[in-house]
Amino acid sequence: QVQFVESGGGLVQPGGSLRLSCVGSKFTLNFEAVGWFRQAPGKEREAVSCISGSAAITYYAESVKGRFTIDRDNYKKEVYLDLNSLKPEDTAVYSCAALRSSDCGSRWSVRDDYSYWGQGTQVTVSA
């Protein structure tokens, strides 16, 4: 199945940090824009961040601005999400997916526009 594979999740204390990675499985990520989403138990999947194909433009949800950083290495064909100053409310399964375009655009948070969803990686923030 063509999809992304996420890694890097784990259990961390409040205030801690993690680095999540996202790489294509059975397909080669080129310059498509890539987004990170998260889903907490009993809640809808929500957009966290998006990065354009050139990495020049990024978007963040208000709840993570200043704490999370999205980046990509087009040589390695990987996308990353650095999670800092983590809070218990950041606990969720984090997944990545790609847009058909190289630009995130104004619809960057619309999950139905994305493809190649991975299974996600669990992030748990707890003391």
Side-chain angles (χ1 to χ4, degrees):
Q1 183 177 357
V2 176
Q3 63 183 38
F4 281 106
V5 176
E6 302 90 345
S7 62
L11 173 63
V12 63
Q13 293 185 342
S17 300
L18 286 172
R19 186 175 219 207
L20 308 183
S21 297
C22 168
V23 63
S25 175
K26 299 182 180 179
F27 81 99
T28 300
L29 176 65
N30 292 309
F31 293 95
E32 297 89 345
V34 174
W36 281 96
F37 288 71
R38 66 185 181 184
Q39 186 168 20
K43 294 188 177 181
E44 294 288 320
R45 181 178 286 177
E46 64 172 350
V48 174
S49 184
C50 184
I51 188 166
S52 66
S54 67
I57 299 174
T58 57
Y59 295 82
Y60 296 94
E62 286 296 324
S63 59
V64 305
K65 273 185 182 177
R67 299 188 299 121
F68 292 7
T69 302
I70 192 170
D71 198 2
R72 66 192 292 160
D73 185 330
N74 283 337
Y75 179 75
K76 292 184 177 179
K77 300 189 183 298
E78 293 188 10
V79 178
Y80 311 100
L81 186 67
D82 289 318
L83 286 60
N84 298 301
S85 302
L86 282 163
K87 306 174 182 180
E89 52 263 43
D90 294 318
T91 295
V93 175
Y94 286 71
S95 303
C96 60
L99 291 170
R100 293 185 178 182
S101 168
S102 60
D103 296 321
C104 295
S106 60
R107 290 175 56 88
W108 73 270
S109 62
V110 179
R111 62 188 182 189
D112 289 345
D113 286 1
Y114 287 81
S115 302
Y116 306 137
W117 290 94
Q119 294 298 310
T121 185
Q122 176 71 47
V123 172
T124 303
V125 185
S126 175

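Side-chain N or O atoms of N74 include none that pairs as donor or acceptor with a backbone N or O of K77 at under 3.5 Å. Proximity of a side-chain donor or acceptor of S85 to a complementary backbone N or O of G15 within less than 3.5 Å is not detected. Side chain of D103 to main chain of G105: no donor-acceptor pair is present (N/O by atom type, distance under 3.5 Å, no hydrogens or angles). Panel note: side chain S52, backbone I57; a donor-acceptor pair is recorded below 3.5 Å.
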Report the C-alpha separation of Q13 and L86 in whole Å, then their side-chain angles, then the decisive distance to 0.1 Å, and conclude whether the side chain to side chain contact (heavy atoms under 4.5 Å, CB included) test is met. CA-CA 8 Å; Q13 293 185 342; L86 282 163; over 6 Å; no
Are Y59 and I51 close enough, and set up right, to give a side chain to side chain contact (heavy atoms under 4.5 Å, CB included), and what steps lead you there? CA-CA 7 Å; Y59 295 82; I51 188 166; over 6 Å; no
Criterion side chain to side chain contact (heavy atoms under 4.5 Å, CB included) on L29 and E32, from CA distance to verdict: CA-CA 7 Å; L29 176 65; E32 297 89 345; 3.4 Å; yes
Quick one: do L83 and L20 satisfy side chain to side chain contact (heavy atoms under 4.5 Å, CB included)? Show the steps, please. CA-CA 8 Å; L83 286 60; L20 308 183; 3.8 Å; yes
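In this structure, R45 forms a cation-pi arrangement with W117, its terminal cationic atom sitting closer than 6.0 Å to the ring centre and no more than 45° off the ring axis. The side-chain tip of R19 points at the ring of Y80 from less than 6.0 angstrom away and within 45° of straight on.
Residue R107 holds its CZ atom at 9.5 Å from CG of L99, rounded to the nearest 0.5 Å. With values rounded to the nearest 0.5 angstrom, S21 atom OG is found 9.5 Å from L81 atom CG.
Side-chain contact between V125 and E89 is absent, with no heavy atoms from C-beta onward closer than 4.5 Å. In this structure the side chain of D112 never reaches within 4.5 angstrom of the side chain of Y114, judged on heavy atoms.
Summarising the geometry of S95 relative to G118, their closest heavy-atom pair is OG-O, 4.0 Å, with the distance given to 0.1 Å. Nearest approach of R72 to G53, heavy atoms of both residues: NH1-CA, 3.4 Å. Of all heavy-atom pairs between A92 and A40, the closest is CB-N, 3.8 Å. For E6 against Q119, the heavy-atom pair with the smallest separation is OE1-N, 3.4 Å. Annotation for S115 and A97: closest pair O-CB, 3.3 Å, computed over non-hydrogen atoms. Between P14 and A127, the shortest heavy-atom distance links the atoms CD-N, 3.7 Å.
Side-chain contact annotation: S17 with N84, donor-acceptor N/O pair under 3.5 Å present.
F37 and V5 fall into different hydrophobic clusters, where Ile, Leu, Val, Met, Phe, Trp and Tyr are joined by side-chain heavy atoms under 4.5 Å apart, directly or via other members. L18 and V93 are not part of a single hydrophobic cluster, where members link through side-chain heavy atoms under 4.5 Å apart. By the criterion of side-chain heavy atoms lying less than 4.5 angstrom apart, applied directly or through intervening Ile, Leu, Val, Met, Phe, Trp or Tyr residues, V23 is not grouped with Y94; the two fall into different hydrophobic clusters.
Under the 4.0 Å criterion applied to side-chain N and carboxylate O atoms, R100 and D113 are not assigned as salt-bridge partners. A salt bridge links R38 with E46: the distance from a Lys NZ or Arg NE/NH1/NH2 to an Asp or Glu carboxylate oxygen falls below 4.0 Å.
When each of I70, T121, V79 is tested with C22 by the rule side chain to side chain contact (heavy atoms under 4.5 Å, CB included), just one qualifies, namely V79.
Taking the centre of each ring, F68 and W36 stay at or above the 6.0 Å mark.
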